[in-house]
Every structure is written in C-alpha cells, then in structure tokens.
Visitor: 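Handing you a structure now.
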Amino acid sequence: LEVAFATADQLALVSAWYWVVNLFLAKRIITLYHAGQKLITKDQHALPDFGLLLYSAILGIGLVYRH
C-alpha cells in the first residue's frame, strides 16, 4: 500500500486554481444579477424571460433575450 502526499508546491497550485475558479464563478453570478436587474427595471414584462437569461448564463452562451 502506497500513500502519496502532495508537496507544498502542488498544494499551492491547487489552492490558486480553487480561487481562480471561485472568482470566475462569482463574476458570472454578479454579471447575471446585473443583467437581470437591467432587464427587470427596463421592462417589467421581462420578468418571465429571467429564466432564459439564467439558462443562457449557466451554459455560457451569452445573453439570449426574446423581444
């Protein structure tokens, strides 16, 4: 039975990637929130399309908005 331990450099790299991914996800969430706020304040009838906005943001395909 072998047990492998991570080196300090490997742990630092994993930690750095963890923060990069979390910052990226936070930025997407904030962008989505602002886009949703813009749609809702611009047109109160845009509220049903917020689901489409959320779906497109999760898939990373950009803002998809029906008029």
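For the numbers below, each heavy atom of this structure counts, side chains included, while hydrogens, waters and symmetry mates do not. Bear in mind that the values here come from a model prediction, so they are computed numbers and not experimental data.
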Visitor: Suppose clustering is done on Ile, Leu, Val, Met, Phe, Trp and Tyr with side-chain heavy atoms closer than 4.5 Å. Which residues sit in the same group as Tyr18?
Guide: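 Trp19, all in the cluster of Tyr18.
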
Visitor: Treating Thr31 as the side-chain partner and Lys27 as the backbone partner, does any N or O pair qualify as donor plus acceptor under 3.5 Å?
Guide: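 At least one qualifying donor-acceptor pair exists.
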
Visitor: If hydrophobic residues (ILVMFWY) are linked whenever their side-chain heavy atoms come closer than 4.5 Å, directly or via other members, who joins Leu13 in its cluster?
Guide: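 Listed partners: Trp17, Val20.
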
